[in-house]
Amino acid sequence: MKNYKNKIEKLMFAAFILVGLTTFVACSDDDDPPAPVNEEEVITTMNITLVATGATTITLQSQDLDGDGPNAPTISVSGDLIANTSYSGTIELLNETESPAEDITEEVEEEADEHQFFFVTTGAINQTDYTDQDGDGNPIGIDFTLTTSDAGSATLQVTLRHEPKKPNDGTLADAGGETDITQTFNLTVQ
Amino acid sequence: MKKFAFMLFLLCIVGSGFAQNCESILLGQVIDFHDNTPLEGATILITGTQDTTVTKSDGKFRFEGLCDGVLELEIFHPDCKSQFITITIEGDTFKKVSLEHHLEELQEVNVVGDLVRKETNSASEQALNLKTIEQFSGKSIGDALREIAGVSSLNTGSNIVKPSIHGLNGSRVLILNDGVRMQDMEWGEEHAPNIDINGSGSISVIKGAAALQYGGDAIGGVILVSPQKPIKKDSLFGKILLNAISNGRGGNISSELSKTYENGWFANGQASFKRLGDREAPDYILSNTGVKEIGVKLNVGKQLFDWGWKANYSFFDAELAILRASHIGNVDDLIRSINSGQPQVIDPFSYDINAPRQEVTHHIASLGMYKRFQGLGKWNVQYDFQNNRRFEYDIRVGDDRNTAAIDLELTTHTFTTNFKWDANSKYIITSGLLTRFQDNFANPATGVRRLIPDYQKFDFGGFLIAEFDLNENLVLDGGLRYDFNRIDAQKFYLESRWIERGYNTEFESLVINDLGTQLLTNPKFDYHNFSATAGFQYAPDSSTNFRFNIALAQRAPNPSELFSDGLHHSAARIELGDLRISSETSKKVSLSQSKDFDSWGYSIEPYANFISDFILLEPTGVEFTIRGAFPVWTYRQTKARLVGVDFTGYTNLHTNWKTRHSFSLVKGKDITENEALIQIPAVNFGNTITFMRPQWYDFEIGLSSMLDFRQNEFPPNITIFSPEQQREVALEINTTPKGYHLLALNAKMAFSVFGNTTLTASVSAENLLNTNYRAYLNRQRYFADDLGRNVSLQLKLNY
């Protein structure tokens, strides 16, 4: 009995030392470098094209190439809008961290019932109107019209909400959901 | 049967004895197994006869007029386990008997009920017994620990409860689950310990770093979760616990079965399952707050006095839904949530666990053994393996809808050994070594830049602790520990972040690959940490206890503090670590005085903790992205001071009435910035009155009141530019919610049903008055009220 017990004890200790040793031998470095992650959902760029007959086409751009990185987006407005004019607008969303750039607008179109652009204006803009609809007949805002009033300065804030309440009363507060993009452009109407 | 056979055998001897020499003398000595010192006052009985004798101061005893042959002796000592030995008498015989005089092993055997052995002599310690643990069996370990004065929790809703000791949490609180230090990504504020409370028999909390055997970095403290200790006798027993919970419309079940043998073998299995749907605040459903948890624990081993081994496997899986309304897009959403005072999403009740959610699994396998050396001490060795997998699912669009945004796998191997010299009754010295290897793998398949990088970590530690019994009333203890940590990470940085952090000048050599917009870097850092403790315990009489301890502890930064970098979607914040962060050093002084009178008692524990290079995470500003502005939370180091006091008191004024009181206060100050520290628990005051009447089937009813004051000391809020409002606004991100008072009721009765089986039924109601409140240390306080009334029914069957 005593011998038997001693044998078990010895075996156990031997097993221990073995396990201990193999653990640390087995844990040698594997130096395969990890694969980089290039985020797919990132929207780096929003291009808004405003077209009106007889007027120069205006592009508004917000571009943030480092995505969630520390650099703030750069905003550019190609020129001034003309007073008392109805522009038809189109929004394009891009992921420019990929080459060629990925068109995110398509994803928004595919899931139109879960997305909506909202336009909030101040100053010399009369109104904005939706000119597109999702499958349920609710507005999306990829296509819209913008009507300027008399000359002056204006701001246009464009917000894309994900999973907003649809239909809603057109305000951000009522729509809820999460913001995928939001950008405010300072414009001049002359 | 054995005894009967032996008696028969004895009779045979006696029968045949007439013809024999019955003039023999048996001379013996009883000695302590550990230190070979003689034991006085041991009673020796020759079984089957009335002959007894008692050992003298030299441990010797003597029987005269014995017949030659085989005898059985039974040896009793008040402090020892009785021992039977057989000896052969052939003329005058001398026999040395070593007896297990130290109570430790026996206590280990006895710890089934309320008795919990203290882990240190001089530090502030408190424990939860099995009764309290069972009361919280439908909840989390963090909820149960709040019963201890000085322990609070940092919550993310009600599912994720992170224990906090004396205002400190995360990597500063070590959790030992059945001897295994949990490696479950404790660095994250929304990472709860991966432990099922139902697998534990007792939970002790050491408030501070004094228990050096477990680690040198326990600046907050140590939580020891221990299973029920096996009993060394033949028995089979089990337990089934069932909870029905109204708030969440679900419940849990836990079942446990243990088999033990007289010869030291034991086996134990335990499993539990929990399922709850959406919880409810007093005024609305907290949409997407369900939970599903599975816990399994298996133990097998053999415990003898001089050696033993134990193998353990445990599995924990939790799927935790995170309040839908807490998932926000950007700082304007946060402002809107804070201002509206109502969750932005309230859906009808559901059991579904949707995004945002977490799924974590944790496996532990451990093998440990000990051997005792006579006259020397006890040697322990343990190997443990842990695997922790964490998925965090955010609300995502397109093809990634069902892809986790965080997918980490942390694998840890640990080997520890220690030797405890307990042969001398005046002092005990324990010395040990630790080696650990850890590998973290961050799966790139998430399609989201890694918040925590791939890394490998090597730890090596050694300690020496000692306790001296100076005299009957005074025990000194002290210890030293050294830990080496090496972290070797492979991390991608956005080039813009690398420059913004200023790493391009300081850490240029770490870059191993330039991928255009991203840089692959290989940070390799070594940390050398020293810790030390010293203190004493003075107990002039059995009802008074005074403890004093000073502890120095150092903690190396965790991966989150070093490497965090990026947008944490579920928290809608950018978290930034810093490669420059160094180890933090804490110097803590704690006192503890307790006194028990006939009908009342108290303990009071003041402490002061001075931490240099204290690492903290706090909101510092906003960063603008195309998605709007996000609050930035940055890790920084500062000089901090935490001063506080815990108080516990009780009365047993009448045989049927008892009361319990607890109070804790902690003040945290950032000395460098001269402002309050973030996330310091508010003053709280708890009182319970219980009526008991054992004659009525162990009837017990208790009413508890918990008063949480408002935390008036918090760091200043930040001012940020709101893109939506096109102006600077104050973001009330640090403002604390108002204080609150909650009542709870708990009643129970126990019935004995067929023979050995006991059925205990209890009913409890928490937040009895359905009070609306928000807790400062709940990260979801910006979005929704805390839980409303919850009524639960518990049935427990012991067999």
Side-chain angles (χ1 to χ4, degrees), chain A residues 5 8-9 12-13 15-17 19-20 23-24 26-27 29-31 33-46 62-73 97 107-108 110-111 114-115 120 122 155 157 159-163 172-173 176-184, chain B residues 307 309 327-330 332-333 336 344-345 367 369 371 381 383 385 395-400 413 415 435 437 439 441-442 444 446-450 453-454 456 458 488 490-492 494-497 499-501 512-513 515 517-518 520 566-567 574 623-628 630 723-724 726:
Chain A
K5 196 179 91 178
I8 297 189
E9 263 177 70
M12 293 284 297
F13 275 98
F16 248 112
I17 285 156
V19 168
T23 304
F24 292 97
C27 298
D29 268 87
D30 54 277
D31 268 336
V37 175
N38 294 304
E39 299 207 355
E40 287 165 15
E41 290 158 29
V42 171
I43 301 169
T44 60
T45 312
M46 174 166 67
S62 168
Q63 189 185 42
D64 190 358
L65 293 177
D66 77 338
D68 298 333
N71 296 341
T97 60
E107 268 193 42
V108 174
E110 278 166 24
E111 297 182 352
E114 289 183 0
H115 289 93
V120 179
T122 63
T155 66
Q157 183 203 85
T159 305
L160 173 63
R161 279 283 168 86
H162 178 210
E163 292 191 359
L172 288 163
E178 275 94 36
T179 305
D180 278 347
I181 314 169
T182 185
Q183 198 49 263
T184 303
Chain B
W307 78 288
W309 64 274
H327 184 97
I328 53 168
N330 61 31
D332 280 307
D333 295 339
R336 224 183 348 267
Q344 299 294 301
V345 183
L367 183 63
M369 65 184 305
K371 174 151 177 61
V381 267
Y383 163 76
F385 167 83
I395 294 168
R396 300 177 82 177
V397 292
D399 300 336
D400 292 324
H413 303 266
F415 188 80
T435 44
F437 171 78
D439 180 83
F441 171 67
T446 55
V448 177
R449 292 187 56 255
R450 302 165 173 95
D454 286 7
Q456 295 190 324
F458 306 89
D488 181 351
Q490 293 204 305
K491 172 158 175 68
F492 291 95
L494 283 175
E495 194 157 5
S496 56
R497 178 68 68 200
I499 294 165
E500 180 264 338
R501 297 265 89 190
I512 51 176
N513 198 1
L515 297 143
T517 56
Q518 294 191 60
L520 176 60
L567 183 59
I574 292 168
E623 274 183 6
F624 295 92
T625 75
I626 200 160
R627 270 188 278 199
F630 290 93
E724 212 166 281
Q726 287 289 302

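Any value given below was found using the heavy atoms of this structure, including those in side chains, with hydrogens, waters and symmetry copies removed. Letters A, B, ... are given to chains in the order of the sequence lines, protein chains preceding strands, and every chain is numbered from 1.
Remark: Asp66(A) CG to Thr517(B) OG1 distance equals 9.0 Å, nearest 0.5 Å. Note that the CD atom of Glu495(B) and the CG atom of Leu65(A) stand 12.5 Å from one another [nearest 0.5 Å]. Atom-to-atom distance recorded for Ile43(A):CD1 and Thr625(B):OG1 is 10.0 Å, nearest 0.5 angstrom.
Between Gly69(A) and Ser496(B), the closest heavy-atom pair is CA-OG, 4.3 Å. Between Asp454(B) and Pro34(A), the closest heavy-atom pair is OD2-CB, 3.4 Å. Residues Gly447(B) and Val37(A) come closest through the heavy atom pair C-CG1, 3.5 Å.
With a threshold of 4.5 angstrom between heavy atoms, Leu172(A) approaches chain B through side-chain atoms but not through N, CA, C or O. Using a 4.5 Å cut-off between heavy atoms, Thr159(A) does not touch chain B at all. With a 4.5 angstrom heavy-atom cutoff, Ile626(B) touches chain A via backbone and side-chain atoms both. For a residue to count as touching a neighbouring chain, one of its non-hydrogen atoms must lie under 4.5 Å from one of that chain's; by this rule Thr44(A) touches chain B with the backbone only.
For Glu500(B), the salt bridge (charged side-chain N to carboxylate O under 4.0 Å, His left out) partners two or more places apart in sequence, or in a different chain, are Arg497(B). Residues passing the ring pair (Phe, Tyr, Trp, His ring centres under 6.0 Å) test with Phe624(B): none are found, sequence neighbours excluded.
For the pair Ile395(B)/His162(A), a side-chain contact is recorded, criterion being any heavy-atom separation below 4.5 Å from C-beta on. Asn513(B) is not listed as a side-chain neighbour of Pro33(A), based on a closest heavy-atom distance of 4.5 Å or more.
Counting heavy-atom pairs closer than 4.5 Å to chain A, the top residue among Gln344(B), Arg450(B), Arg336(B), Lys491(B) is Arg450(B). Chain B forms the most heavy-atom pairs under 4.5 Å with one residue out of Ser62(A), Gly67(A), Ala35(A), and that residue is Ala35(A). Your options are Gln63(A), Gln183(A), Glu163(A), and the one with the most heavy-atom pairs under 4.5 Å with chain B is Glu163(A).
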